Every structure is written in C-alpha cells, then in structure tokens.
There are 2 protein chains.
Amino acid sequence: MAGAEGQANMDETKRTGSPIPGAPVAAAPAASLNAEPSLAANIRPTLKTIAFMTGLGITTVSRALKDAPDIGAETKARVRLVARQVGYQPNRAGVRLRTGKTNVISLVLSLEEEIMGLTSPIVVGISEVLAATPYHLVVTPYSPSRDALAPVRYVLDTGAADGVIISRTEPKDPRVALMLERNFPFVTHGRTEMGLAHPYHDYDNEGFAYAAVRTLVERGRRRLTLLQPPPHLTFHRHMRHGFDRAVRDFGVETIPFDAVDIDHSLIDIRTAFETLLHSGAVPDGIVSGSGAGTIALIAAIEATGRTIGQDLDVVSKVPSDFLGWLRPEVITMKEDIRHAGHELAKAVLARIAGQPPETLQSVSGLDRQDV
Amino acid sequence: MAGAEGQANMDETKRTGSPIPGAPVAAAPAASLNAEPSLAANIRPTLKTIAFMTGLGITTVSRALKDAPDIGAETKARVRLVARQVGYQPNRAGVRLRTGKTNVISLVLSLEEEIMGLTSPIVVGISEVLAATPYHLVVTPYSPSRDALAPVRYVLDTGAADGVIISRTEPKDPRVALMLERNFPFVTHGRTEMGLAHPYHDYDNEGFAYAAVRTLVERGRRRLTLLQPPPHLTFHRHMRHGFDRAVRDFGVETIPFDAVDIDHSLIDIRTAFETLLHSGAVPDGIVSGSGAGTIALIAAIEATGRTIGQDLDVVSKVPSDFLGWLRPEVITMKEDIRHAGHELAKAVLARIAGQPPETLQSVSGLDRQDV
DNA sequence: GAGGTCAACTGTATCGTTGCAGTTTTTTGG
DNA sequence: CCAAAAAACTGCAACGATACAGTTGACCTC
C-alpha cells in the first residue's frame, strides 16, 4: 500500500545477524551479545542456538522442526540432528505467548469430593495418557461450597489450558453450557441431559444398579433400598432408574431411604441408616452407590446386631477392593476410576485435535448383557 | 558510541501509539490495529488496554500495578481501579517469557505409589494452600520402573516450575543433590541423610513405631514384628529405629519379617505373612507401616483362624479411618496426609520466597511425649 | 534472454511483560 | 533566577516462538 519504494527495507546491511567477519559493523561487545547464542555450556538451547549452529535462519529452523513442506529434506535432517544433539525443547512460554497454545489440560476438582480418594486414581489415569504427549496436567481446585463455575470461568478467561476435565456433572450443567458456547474443548466425567452433544465418559450406574438389584433378588431379597448419589447430580438419576426399573422388572418392594446420600459424612449415613433399621420398614437388600458409604452402612447394620449375608445382603459399587478383603460378605462391583482417567484424557486430547464430540462419548461398566 | 547525534531517536512522530486524532499518520487499518487495544467486548485486557484507558504508558501501568516507588499515588489508584474494573490478570506466558517466573509448583509423583490413595489427600492439601496464591499445581508423574530423576531433571532443564515437591525420599537422594546443586527451590516429603540442609516435611515414623510397640507391650504382647517400608527409602530406617529402640527399651522379642515390605502387592504381603504364621515363629503383636498392607495382614491372620485383639494385636498407621470402622479391633494411628500437603506447599512457597532451608523443616505425628 | 515458476530459505512484526535508560516536569538550594 | 536534584512518567529492547510476506537463485519455457 501507501509509501513509495524507498520506504521499507533494502538497507545495504541487514541489522540482525550480519556475522560476516571483517565487515565494519558496530562494536565488538554488541555483536557478541547478539550473534552467539551462548558460548557458555548450560544455557538452554533455543531456536537461535540451532540457527547459529547450522548457519540457518531462525525461521528456517522453526519450520524445519515442524516438518513444513517448504524446507529441504537434507536441511530438515540436519536441523533435527542438531536439535536432538543439543537437547532442544521448545520454550513453552514462547509458544504459548505467540500461539495461545498452552499444552495444558486442566482437571477441575472439587476439594471435598475427596473424602473417598477418587482423585488419586483419576489423576494417575490422566497422567499416564498425558505422559506420552507434550501436555501437562494442572489441578484446578474449587471448594464445593463456592461456585463450581468459577474455576471453569477462570480457565476460559485466562486461557490457562487447552482443555478441561470436569466431574460431578448435573443434568443441566452450567459449566457444560458455558464451554460449549465458547467452543472450548472439554470432557465431562458423567453425562448431562441438555440435548447438547459433548464428550463424556461415564460409568454405567444404571447398569450397576440394575445388576445389583438382580443379584439381590437372586438371593431371595425382596425389600430393597438404595444409598444413592446426591439428587442434583446426573448419575443420581441413572442409578435411580436402574434401581427402579429392576425393582419393577423383578417385582420386589422398595424401602425409601432419602434422608442421606453418598455425599454425606459417614457418621450421618450411619445414623440415618440405623434409624431406618430401627423403624418398621427394614430392608433385606441394600444397593450402595459408594464404597465409603457402604462402610457406614455396615457399621449401622452390625450395630443393630444384624449379619450381612444372612439377615440381609449388600451390593456396593467400589473404587478399589478393600471391601472385598475386609468384608467379603459384601457383594462388590468395581468402578475402574483409573480407566476413567484414561478415557477422559484421550477424549479431551481428541477433542482438542478437532474430533467431533459425538465420537467421544463412552460409558463403561458391567457388560450390558444384563440390562 | 559510534554514530553522531541524528542516529537514535527524536523523530517528530513516535511510532508507537501516536493516537493523536487528525495527525497524518499511516493508514487507517494499521492505526486501529495498533492504537485501540480492542473495540470489541470480550478480548482479554492487557497492560496495553489499561494504558489506553488511563492515557498512561504501558510501562507506567506495569509499574503502578507493581506498586513501584516512582509512580504517583493517585496514578496508582487510578490504574488499580481500571485494572480491577476490566478484570485485568497478567498474562502468564508474557510474565514467564520475560522473567522466567512460572508460578507453578510441580508435584513429582510416582504413578505406582498410588495403590493406597495417598495422592488424593496430598493433592488436596497442596491445592488448598496454593489456592490463595497465584500458583498452579502441575502433576509431573514418573513410572517408578523408570528413573526417578527424570522428572526432576525435566523441571530443572525446562524451567517448568518455580518449585518442586518430591516424596519417597532416600537417605542419599540424587534428586535432592541435584536440586541443591542447582539451587532450585523444593521440599521433600520425607527426610534425607546427606548432611545437607533442605526443606522437608515428614511424618514421625520413628515415634509411630515406638508408640506402636509400647501399645502392644502394654497389652501384654511380647513377640513383635514389623511390616516395614521398602529398605531404600529413608523412612524405613526411621520406622525400624523406632521399632528396634522400643523393643530394646521394653525388653521384648522380635520376629523377623523381611520377605516383603509395604510396597509389595497385597497378595504378596498376605502370602508372606501366612507363611510366617505357619512357621514356628509366630508373633503376637504386629506393627504395620501402611494401611493397605494391614488389610493383607488381616486377611492372613483371619485365614489362619486367629483373632485380632485376642490371639494377637495389630497397630497400623493409616491414612484414613476406614480400618477404624471396619476392624475396630485393629489399633490405628492416623497419618494426616492432607496436613502434609499443607506443610509441603507452605514450605516450597517460603523457600521460593528466599527463606532459608533450615527454617522449613518439620516433622508431624504423635506428640513426641512418648519417644 | 526476458519472463515465469518453483523450491528453499529468511527478515520482520508480534504475542504481553518487564529491565533499563532515558525524558519531562516540578521542586529545591544557593 | 539558574543549576541540580527529585518525582513522575515513558520508549525501547528483549524474552522465544511463529505467521506472514518476502527474497534468492535455479531451472524452464517460448
């Protein structure tokens, strides 16, 4: 546009570089400062270092490492060789500043869902997948008393990550709505019911509850009850549906137990269940949606002098097999949370890579044979 | 140096900014691109945005927000007001690139130490402390089969974090040596024995083992054994010392049990302990250094028809109180791992702030009354 | 041999921030 | 009333990487 020919470039000497020896350029110190990326040993190599070593331009080196089509094959080979040799690793801050790409996955965690050590295996599972990638895992916590939206907003507003993993989803989850609206890559651990497609991984809680009821019925139990997830979370519905459907299918009775849910403290659960056991309506079969909760149930059961496997049966979903060791009479069905971590990580990465959400939805659990 | 007066500055029009309306500068699009940080709504505010809004220079805004001494009080107030108003948050990549400060704490985790959910509460504890700071928590995993030094080297070489938290320390820990040598801020969860001062937080395993033995002795137990940590870790020695010293002090007998340690699988521990129970030398008191391990011990004990609290007693260190619920006959002593997370996080932050290592060493556990 | 095409390479500007070295204005001292 | 000093503010360059818009030279084509 605008200005005539003389305006832009074409000085006789390009200011950058100009390492032609003997040329009457600037002063010595200035030159050495700019030209040689590092005489010393332990400075971290940058593109400039490689450019200097290969005699190429910084741009060329950058493109060569990216395998761009307009760089010669031999040049690429040379650059890669030198890069490997000096142990070049792109400066994350540089990339991030220029491109906005953070190479970070943010795991948004409720600090209190931690009571029963679910975090641990999920972190491990995610880490295992990310280890093979340039991605880092950042834990973004929030206290559940506060707004669950806050951490998500933070990531979105500050561009702190390329992808987000959230759990404890609700049927109408504002976090999902927000990220979908902003077209931000994420996966949820748990489904939603908003009529919007997004990546998720979920445990088949409906299948679990159904199978649990069936198991109890097969043992002759007829008066069943459920220790269920908190009502505002999606998987409350799933578990309820599975339970209720099975109860209908098998024609058995249910005893309501709504005073507490698996988010309550063990003490509360125990107290509430003891109360139930002292009431007129005593169940002979219990489905528990949480391994920790089951411990409280067991305490209540034993405190009232009953024996599991005899007076009543308990089927529990568990994250690990402690219960199997300590109370083999409790029937357990394992939820593989580490596997969930794998799936979640793979899904965000795929989403970031542009794969459509519909293809990134999975449910794991029992074989669905029995549903 | 070199060139005469005309060289450096003093063009009539400064190229940057020049938002004087009506001045005959460049073309419209170029100007709008540079002058107005954003007409649109949702662009993230930067220093430039605030500079534009306040009419100040970018440098001034930066310094004002840093509360530098050469900025006027009123100016600072104005800048802060606008910054708050527009929700300014410094771009981490910019800061990091310029200053090298990452605002990241790296938690270096062995992926397999995870068997018994220690990670969860430690992550929570660290997060709780970091939440009040600009720091993020990044999980840097390694598989224990591989070099434990690798992740530390990575952080050091790439400057991925401002501070590191490691666990599973060894008496001569190469990671500690490396970070000390590079003068890099870190804390260890567990002590070392290298004669070098560094920040640490540790559980008082010696005190635990001593108290455990005392408890057993008080119950009349005389033939004691220890399920101990793996020999290469520092706390193996601590626990051993506490155990051995108490055994000496109280004049009781010990039964060797070195076939397995708490890092072995539950199956292995159970098998090994059953073997011991079937041998001639049967203990009547057991100290267990791990909650998970205790479960395996219990299984072995019960499989051989013995009763805890009667034929023998078990004292176990535990991370949570499941055992207390399910096997109240087992005597438990709780290790508060979340608290460890707090201490570790506070220590790295203090170290980063320049506090001397000697002041950042703590041991928690039982009151040391009994040692 | 002028003009065009293509392959291979390169300089410049930029992301947002801060260290540095100023510049301008006001105040102070003599 | 002028020089010097202090106070308040500012532009430039740089951190490392990449998008973009060239530049260079070899090779073709007519």
Side-chain angles (χ1 to χ4, degrees), chain A residues 1 7-11 13-18 30 33-34 37-38 43-52 54-66 68-76 78-79 83 88-103 158-159, chain B residues 1 7-11 13-18 30 33-34 37-38 43-52 54-66 68-76 78-79 83 88-103 158-159:
Chain A
M1 272 184 208
Q7 216 230 340
N9 38 18
M10 279 281 83
D11 323 32
T13 351
K14 302 91 166 289
R15 208 177 286 80
T16 332
S18 80
L33 236 157
N34 225 338
S38 86
I43 307 295
R44 184 171 177 211
T46 69
L47 289 180
K48 201 198 268 186
T49 316
I50 300 177
F52 180 76
T54 54
L56 297 164
I58 294 178
T59 303
T60 310
V61 174
S62 173
R63 312 219 67 217
L65 289 173
K66 292 218 139 39
D70 61 350
I71 305 294
E74 197 210 304
T75 302
K76 282 181 190 170
R78 254 177 67 223
V79 169
Y88 170 74
Q89 293 192 256
N91 180 306
R92 305 186 120 230
V95 175
R96 181 164 171 179
L97 182 56
R98 182 66 239 252
T99 66
K101 174 108 187 162
T102 62
N103 283 304
T158 64
Chain B
M1 272 177 220
Q7 215 231 337
N9 39 14
M10 279 284 84
D11 323 32
T13 352
K14 300 91 166 289
R15 206 175 290 78
T16 332
S18 78
L33 234 156
N34 226 338
S38 84
I43 306 296
R44 184 169 178 211
T46 69
L47 289 180
K48 201 198 267 185
T49 317
I50 302 176
F52 181 75
T54 55
L56 295 164
I58 294 178
T59 303
T60 309
V61 174
S62 172
R63 312 220 66 219
L65 290 173
K66 292 218 139 41
D70 62 349
I71 304 294
E74 197 210 305
T75 303
K76 282 182 189 170
R78 254 177 66 224
V79 169
Y88 170 74
Q89 292 192 258
N91 180 306
R92 304 185 121 232
V95 176
R96 180 164 170 180
L97 182 56
R98 181 67 237 250
T99 66
K101 174 110 187 162
T102 63
N103 282 303
T158 65

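Note on naming: letters A, B, ... go to the chains in the order of the sequence lines (proteins, then strands), and numbering restarts at 1 for each one. Predicted model only: the values in this text are computed from it and were never measured.
- With rounding to whole Å, Leu65(B) atom CG is found 15 Å from dC9(D) atom C1'.
- For dC9(C), the OP1/OP2 oxygens have a side-chain nitrogen or oxygen of Thr75(A) closer than 4.0 Å.
- Under the side-chain hydrogen bond (donor to acceptor under 3.5 Å, both in side chains) criterion, Thr54(B) pairs with no residue at all, not counting sequence neighbours.
- Between the P atom of dA19(D) and the CG atom of Leu47(A) lies a distance of 12 Å, rounded to the nearest Å.
- The CZ-P distance, from Phe52(B) to dT10(D), rounds to 14 Å in whole Å.
- For the salt bridge (charged side-chain N to carboxylate O under 4.0 Å, His left out) test, no residue two or more places apart in sequence or in another chain qualifies with Arg92(A).
- Note: CG (Asn103(B)) to P (dG16(C)) measures 18 Å, nearest angstrom.
- In this structure, Gly159(B) and Thr102(B) approach most closely via the heavy-atom pair O-CG2, 3.2 Å.
- For the side-chain contact (heavy atoms from CB on, under 4.5 Å) test, residues two or more places apart in sequence or in another chain that qualify with Thr75(B) are Leu56(B), Thr60(B), Ile71(B), Val79(B).
- With distances taken from any side-chain atom of Thr46(A) to the nucleotides dC15(D), dA17(D), dC9(D), the minimum falls on dA17(D).
- If you take NZ of Lys101(B) and C1' of dA14(D), they are 21 Å apart, rounded to a whole angstrom.
- Remark: Leu97(A) engages Asn91(B), Ala93(B), Leu97(B) in a side-chain contact (heavy atoms from CB on, under 4.5 Å) (not counting sequence neighbours).
- Remark: C1' of dT26(C) and CD of Glu74(B) are 16 Å apart, rounded to the nearest angstrom.
- Contacts between residues 88-97 of chain A and DNA chain C, defined by a heavy-atom separation under 4.0 Å, are made by Leu97(A).
- Inter-residue side-chain proximity for Arg44(B) and Thr49(B) is flagged as unmet; no heavy-atom pair is nearer than 4.5 Å.
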Strictly under 3.5 Å: I want the nitrogen or oxygen pairs between protein and nucleotides 19-21 of chain C, one per line.
residue : atom : partner  : partner atom : Å
dG19(C) : O4'  : Arg98(B) : NH2          : 3.3

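- Counting to the nearest Å, the P atom of dT14(C) and the CD1 atom of Ile58(A) are 17 Å from each other.
- If you check every strand for non-hydrogen atoms under 4.0 Å, Leu56(A) touches sugar and phosphate atoms only.
- Residues passing the side-chain hydrogen bond (donor to acceptor under 3.5 Å, both in side chains) test with Lys101(B), sequence neighbours excluded: Tyr135(B).
- Residues Pro90(B) and Val95(B) approach most closely at CB-CG2, 4.2 Å, considering heavy atoms.
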* Leu47(A) and Leu65(A): side chain to side chain contact (heavy atoms under 4.5 Å, CB included), yes or no, with the steps? -> CA-CA 10 Å; Leu47(A) 289 180; Leu65(A) 289 173; 3.9 Å; yes
